[in-house]
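Everything numeric here is computed off the predicted structure, so don't read it as measured data.
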Amino acid sequence: MANTTIYCFRNDLRLSDNPAFLKACSDSDFLLPLFCHPKEELFKSNIPRIGIHRQFFLRQALDELKTVLNTYNSDLIEVYGDFAEEIKKIAETIHATKIIFEKIEAPEELDQENSVRNIGINVESIWQSSMIAPSELPFKTTDMPDIFTDFRKQIEIKKIKIMPPTPKPSSVPPLPIYKLHFDKRFNPDYKFTPKKNDQNLNSSFPYLESQYSGGEMSALTHLENYLSLKLPHTYKETRNQLSGLHFSTKFSPWLSIGCISAKYIAFKINEFEKKFGANESTYWIWFELLWRDYFRFLHFKYGKNLYTKNGLNKNLESFKHKEENFNIWINGKTGNQLIDAGMKELFFTGYLSNRMRQIVASYLIYDLGCDWRKGAQWFESQLIDYDVYSNHGNWLYIAGKGTDPRGGRRFNTTKQNLEHDPTDTYKNLWKEKSINILN
């Protein structure tokens, strides 16, 4: 009997350094590459789960992936609906013998995996989204240190070597024969469609420009450009700036949907250091990638506990979420010019600097008295680089609901103004913009 495999792409929209897809190619006689979009209802509300910016960036990446697979005489089949139900329907149609996909250790994605396993076909999920593989850690993920500094020190003591990325497959098995027409471009009807006049020079990540578009080719080109300009040597000095194209690495949008892997970036940074020298800034890029790993591995240890109102904080707090304050926050109408500028940038471009993310998150929690989970939900909707692990981990950190023993991180907006926008340059970029989200 022929081995007929469904490979379901998730947050790994690439062929380079994709061990799971490489395995699917080597183990199969026939292979059906698939991407399953969520149910359409998740896109049609005032706070859609996947907002317009992320959906457009995803569309760009999927179109490129489909084109690349076509060069292998393969294809990318797209469906939308319930993850397990759609896979089951297709598996029955093509008589699939195996299903392979990337493992995601977040609650909803684990529920999806369990539902697929109940179909009754062999399922293999493969972890591949971290810079460091769980097997390389000096501890079990379930026993990892809670404090990031302790986590980092143990990693540094072990001196884990970043292995070379895996190559693209030399060939892709032929498509199985199928008759159902389930290949669709998913383009929901949005109230707001990005146009180039919205993605103007004010945007720190102008994804409507080809060099910042979704897809593996753009990701690899951006990394090469970043290295050729020797920007790794100055990253730490500029990373807290509020806007611009080169103040930060801008790897996160491509990392979020897997157009490039963290391991590939770390490997190329290591090569850069060998050729041009290491300094505090090149170390700091690795440091930030390690933070990304840390938030991932915490899910192995705490799982759904990270998603409760009090997170890992055992001291139960009773407070009433102020919905009216949340509404002025998302509409950029708090009256605090720095906060409002940040919320406008987020809405109109799908991007926000790390510094501004921390400032607006702190303001929502501590100045407006709102539930941190509502802020995490808004970021999920708006951010082009939304990543379930990092988004949740950072909101927990600011709210004092995670593993940091110091408690929450409240930012003084007056101090942040003086330090990061003393001449009002950033605020003036967004002063004339206006948001009107109905709630």
Side-chain angles (χ1 to χ4, degrees), residues 9 11 13-14 35 37-38 42-44 47-68 76 78 184-226 229 231 241-260 330 332 341-354 356-357 378-387 391 425-426 428-437:
F9 284 95
N11 292 330
L13 305 183
R14 65 182 183 275
F35 186 86
H37 296 272
L42 296 180
F43 300 84
K44 292 186 173 180
I47 305 182
R49 285 289 295 273
I50 303 179
I52 190 67
H53 301 292
R54 185 150 60 102
Q55 185 60 41
F56 266 71
F57 192 70
L58 176 63
R59 178 74 269 150
Q60 293 168 332
L62 291 172
D63 286 347
E64 183 189 295
L65 181 59
K66 183 182 182 74
T67 299
V68 172
L76 180 66
E78 294 184 47
K184 299 178 181 179
R185 282 178 58 90
F186 188 68
N187 287 311
D189 180 22
Y190 285 102
K191 297 177 182 177
F192 171 71
T193 301
K195 300 179 179 66
K196 284 203 174 186
N197 61 343
D198 290 316
Q199 281 281 314
N200 55 23
L201 293 176
N202 294 356
S203 175
S204 292
F205 193 85
Y207 64 88
L208 294 182
E209 303 296 337
S210 59
Q211 63 266 41
Y212 289 94
S213 63
E216 181 178 2
M217 186 181 301
S218 295
L220 296 175
T221 300
H222 173 76
L223 175 59
E224 290 304 317
N225 289 340
Y226 187 80
L229 293 171
L231 292 173
Q241 292 177 13
L242 304 188
S243 64
L245 295 178
H246 299 309
F247 73 90
S248 63
T249 66
K250 300 300 193 306
F251 298 151
S252 60
W254 289 293
L255 279 170
S256 67
I257 54 174
C259 297
I260 195 169
I330 66 174
M343 300 311 294
K344 291 174 185 178
E345 180 186 13
L346 176 60
F347 179 78
F348 285 107
T349 75
Y351 191 82
L352 205 56
S353 68
N354 182 62
M356 280 306 301
R357 295 182 200 202
W378 183 247
F379 271 26
E380 177 180 359
S381 172
Q382 299 300 304
L383 281 174
I384 196 172
D385 61 355
Y386 168 75
D387 172 281
N391 186 60
T425 302
Y426 175 74
N428 287 336
L429 290 176
W430 303 102
K431 188 164 55 175
E432 301 305 320
K433 289 286 187 179
S434 179
I435 306 172
N436 187 24
I437 304 168

In Å, rounded to the nearest 0.5 Å, how long is the span from [atom1] of [X] to [atom2] of [Y]?
X: Arg14; Y: Ile257; atom1: CZ; atom2: CD1; answer: 11.0 Å
X: Ile50; Y: Ile384; atom1: CD1; atom2: CD1; answer: 12.5 Å
X: Gln60; Y: Met217; atom1: CD; atom2: CE; answer: 13.0 Å
X: Cys259; Y: Leu58; atom1: SG; atom2: CG; answer: 8.5 Å
X: Tyr386; Y: Ser381; atom1: OH; atom2: OG; answer: 10.5 Å
X: Ile435; Y: Leu346; atom1: CD1; atom2: CG; answer: 8.0 Å

Apply side-chain contact (heavy atoms from CB on, under 4.5 Å) to Asp385 and Leu255, showing your working. CA-CA 8 Å; Asp385 61 355; Leu255 279 170; over 6 Å; no
Is the gap between the ring centers of Phe9 and Phe35 under 6.0 Å? no
Tell me if the aromatic rings of Trp254 and Phe205 count as close, with their centers under 6.0 Å from one another.
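Centroid separation for Trp254 and Phe205: below 6.0 Å.
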Original post:
side-chain contact (heavy atoms from CB on, under 4.5 Å) between Leu229 and His246: does it pass, once the steps are laid out?
Top reply: CA-CA 10 Å; Leu229 293 171; His246 299 309; 4.2 Å; yes
Mind running side-chain contact (heavy atoms from CB on, under 4.5 Å) on Arg357 and Tyr351 for me, showing each step along the way? CA-CA 9 Å; Arg357 295 182 200 202; Tyr351 191 82; 3.7 Å; yes
Closest heavy-atom contact between [X] and [Y]?
X: Asn391; Y: Glu380; result: ND2-N, 4.3 Å
X: Phe247; Y: Gln241; result: CE1-O, 3.2 Å
X: Leu245; Y: Pro206; result: CD2-CD, 3.6 Å
X: Met343; Y: Ile330; result: CE-CA, 4.1 Å
X: Leu62; Y: Leu13; result: CD2-CD1, 3.9 Å
X: Leu352; Y: Leu383; result: N-CD2, 4.4 Å

**Test item: Glu64 and Thr67 side chains (from C-beta on) under 4.5 Å apart, heavy atoms** = no
Going by heavy atoms in the side chains, are Ile260 and Phe251 under 4.5 Å from each other?
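Sidechains of Phe251 and Ile260: no contact.
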Heavy-atom donor-acceptor pair, [X] side chain to [Y] backbone, under 3.5 Å:
X: Ser204; Y: Gly244; answer: yes
X: His53; Y: Phe347; answer: yes
X: Thr221; Y: Ser218; answer: no
X: Ser353; Y: Ser243; answer: no
X: Lys344; Y: Lys433; answer: yes

Margin query: Checking Glu224 against Leu220 for the side-chain contact (heavy atoms from CB on, under 4.5 Å) test, could you report, in this order, the C-alpha distance in whole Å, the side-chain angles of both residues, the deciding distance, and whether it holds?
Written below: CA-CA 6 Å; Glu224 290 304 317; Leu220 296 175; 5.6 Å; no
* To do: Report the residues that fulfil side-chain hydrogen bond (donor to acceptor under 3.5 Å, both in side chains) with Tyr426, sequence neighbours left out, ordered by chain and then residue number.
  =>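 By the side-chain hydrogen bond (donor to acceptor under 3.5 Å, both in side chains) rule, Tyr426 matches Glu345.
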With sequence neighbours left out, the residues meeting ring pair (Phe, Tyr, Trp, His ring centres under 6.0 Å) with Phe379 are Trp395
Distance under 6.0 Å and angle within 45° of the ring axis: does Lys250 meet both against Tyr212? no
